[in-house]
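Right, one structure below, let's go through it.
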Amino acid sequence: MKVYDIIIVGAGPAGGNLTRRLAQKGYKVLTFDKEKELGEPIYSTAVTPDETFRNFDLNLSLAHQAMNSWVLYGPNSKAEFKYDRPICYTLNLRQFKQELIKQAIENSAEILVDTEVIEPIIRDGIIVGVKYKGLGGEEEAFEKMIVDASGHSGTLATQLKLRDQTPERLLVGLEYLMENLDLPENGQKLELYFDYK
């Protein structure tokens, strides 16, 4: 049985960055990710402000497209903002997530992929670890602290009734990646469309 300082459930942007930062500070970190390949799934083009790269000490090579203007479209009007420098970027999200975990591993973090956390282990009303299932079957890991960074599924938070899994309203978002387009501004404009319906 291994004991860690911190266990993190989920190796997406939040879990990956937390794993990286804690490992850099010398903590023994174990991070679980249920995906078979790090960097998956890709749900979004992940637009982020330029400060993200400075604040999180990330290389601009992880950006997919720089944008120096953005337009907000409403049902009856629009507002456009232009800048003389990039103000936001879309991320190469797969590469971004993989880079966070690569840096974490370089600082001795342990990452288990294709491994699903099943439930928390509770003793005397305190969470002391997690039960998980991976290639070796069901196992347990124990820690001083646990972080649920599993995104919208909230693997542990839902089981512990720290959040309600039933949304008030269900919305659908669609994204398309279109390449090699002849755009007048070379694709450097972010357009956001809003409608009350």
Do Tyr27 and Tyr4 land in one hydrophobic cluster if side-chain heavy atoms of ILVMFWY residues count as linked below 4.5 Å?
no

Using the rule that two of Ile, Leu, Val, Met, Phe, Trp, Tyr join whenever any of their side-chain heavy atoms come within less than 4.5 Å, decide whether Tyr73 and Leu192 are in one cluster.
no

With a 4.0 Å cut-off, would you call Glu139 and Lys133 a salt bridge?
no

To the nearest 0.5 Å, what is the distance between CG (Leu190) and CG (Asn68)?
11.0 Å

If I take atom NZ from residue Lys34 and atom OG1 from residue Thr115, how far apart are they, to the nearest 0.5 angstrom?
12.5 Å

From Asn107 CG over to Lys25 NZ, what is the distance, rounded to the nearest 0.5 angstrom?
11.0 Å

Closest non-hydrogen atom pair between Ala141 and Leu30, with its separation
CB-CD2, 3.8 Å

Steps toward side chain to side chain contact (heavy atoms under 4.5 Å, CB included) verdict (Lys189, Val71):
CA-CA 7 Å; Lys189 181 190 292 186; Val71 187; 3.5 Å; yes

Looking only at heavy atoms, the pair that brings Lys97 and Pro13 closest together is CD-CD, 3.6 Å

Working to the nearest 0.5 Å, report the span between CG of Leu156 and CG of Leu162.
9.0 Å

Exam field: side chain Thr158 to backbone Gly154, donor-acceptor pair closer than 3.5 Å:
yes

Give the intermediate values and the outcome of side chain to side chain contact (heavy atoms under 4.5 Å, CB included) for residues Phe56 and Glu51.
CA-CA 8 Å; Phe56 292 97; Glu51 290 91 351; over 6 Å; no

When you compare the side chain of Gln24 with that of Asp57, does any pair of heavy atoms fall below 4.5 Å?
no

Should Lys144 and Asp5 count as an ion pair when the cut-off is N to O under 4.0 Å?
yes

Glu119 with Lys131: basic N within carboxylate O range, under 4.0 Å
yes

Where is the tightest heavy-atom contact between Tyr132 and Glu140, given as atom of each residue plus distance?
CE2-C, 3.7 Å

Within the 4.5 Å heavy-atom criterion, are Gln159 and Pro120 side-chain neighbours or not?
yes

Does a side-chain heavy-atom distance below 4.5 Å link Phe32 with Ile111?
no

Does one hydrophobic cluster hold both Val29 and Ile105, with members joined at side-chain heavy-atom distances below 4.5 Å?
no

Exactly one candidate in Asp33, Leu22, Ile146 meets side chain to side chain contact (heavy atoms under 4.5 Å, CB included) with Ile8; the answer is Leu22

Please assess Phe142 against Ile121 for the test side chain to side chain contact (heavy atoms under 4.5 Å, CB included), listing each intermediate value before the final yes or no.
CA-CA 8 Å; Phe142 296 86; Ile121 299 169; 4.0 Å; yes

Nearest heavy-atom neighbours spanning Leu100 and Leu58
CD2-CD2, 3.9 Å

Side chains of Glu80 and Trp70, heavy atoms from C-beta outward: is any pair under 4.5 Å?
no

Side chains of Val147 and Leu18 in contact at under 4.5 Å (non-hydrogen atoms):
yes

With side chain to side chain contact (heavy atoms under 4.5 Å, CB included) as the criterion, how do Phe194 and Leu72 come out once you've worked through the C-alpha distance, each side chain's angles and the decisive distance to 0.1 Å?
CA-CA 8 Å; Phe194 297 93; Leu72 301 174; 3.8 Å; yes

Are the side chain of Asp148 and the backbone N or O of Ser150 linked by a donor-acceptor pair below 3.5 Å?
yes

For the atom pair CD1 (Ile127) and CD1 (Ile7), what is the distance rounded to the nearest 0.5 Å?
11.0 Å

Where Asp50 and Pro86 come nearest, the two heavy atoms and their spacing:
OD2-O, 3.7 Å

Verify the cluster assignment for Val9 and Ile6: are they in a single hydrophobic cluster under the rule of side-chain heavy atoms below 4.5 Å apart?
no

With a 4.5 Å heavy-atom cut-off, do Glu143 and Lys28 have their side chains touching?
no

Closest non-hydrogen contact found for Thr19 with Ala109 is CG2-CB, 3.8 Å

Steps toward side-chain hydrogen bond (donor to acceptor under 3.5 Å, both in side chains) verdict (Gln95, Glu99):
CA-CA 6 Å; Gln95 186 181 347; Glu99 179 62 23; over 6 Å; no

Less than 4.5 Å apart, any side-chain heavy atom of Asn92 and any of Leu62?
no

Ile118 vs Glu138 side-chain heavy atoms within contact, under 4.5 Å
yes

Counting neighbours of CZ on Phe53 that are heavy atoms of other residues, nucleotides or ligands and sit closer than 6.0 Å, is the number greater than 12?
yes

Using atom types as modelled and distance alone, determine if a side-chain donor or acceptor of Thr48 lies under 3.5 Å from a backbone N or O of Tyr89.
no

Working to the nearest 0.5 Å, report the span between CG of Leu91 and CD of Gln65.
12.0 Å

Is Val47 reachable from Tyr193 through a run of I, L, V, M, F, W or Y residues, each pair having side-chain heavy atoms under 4.5 Å apart?
no

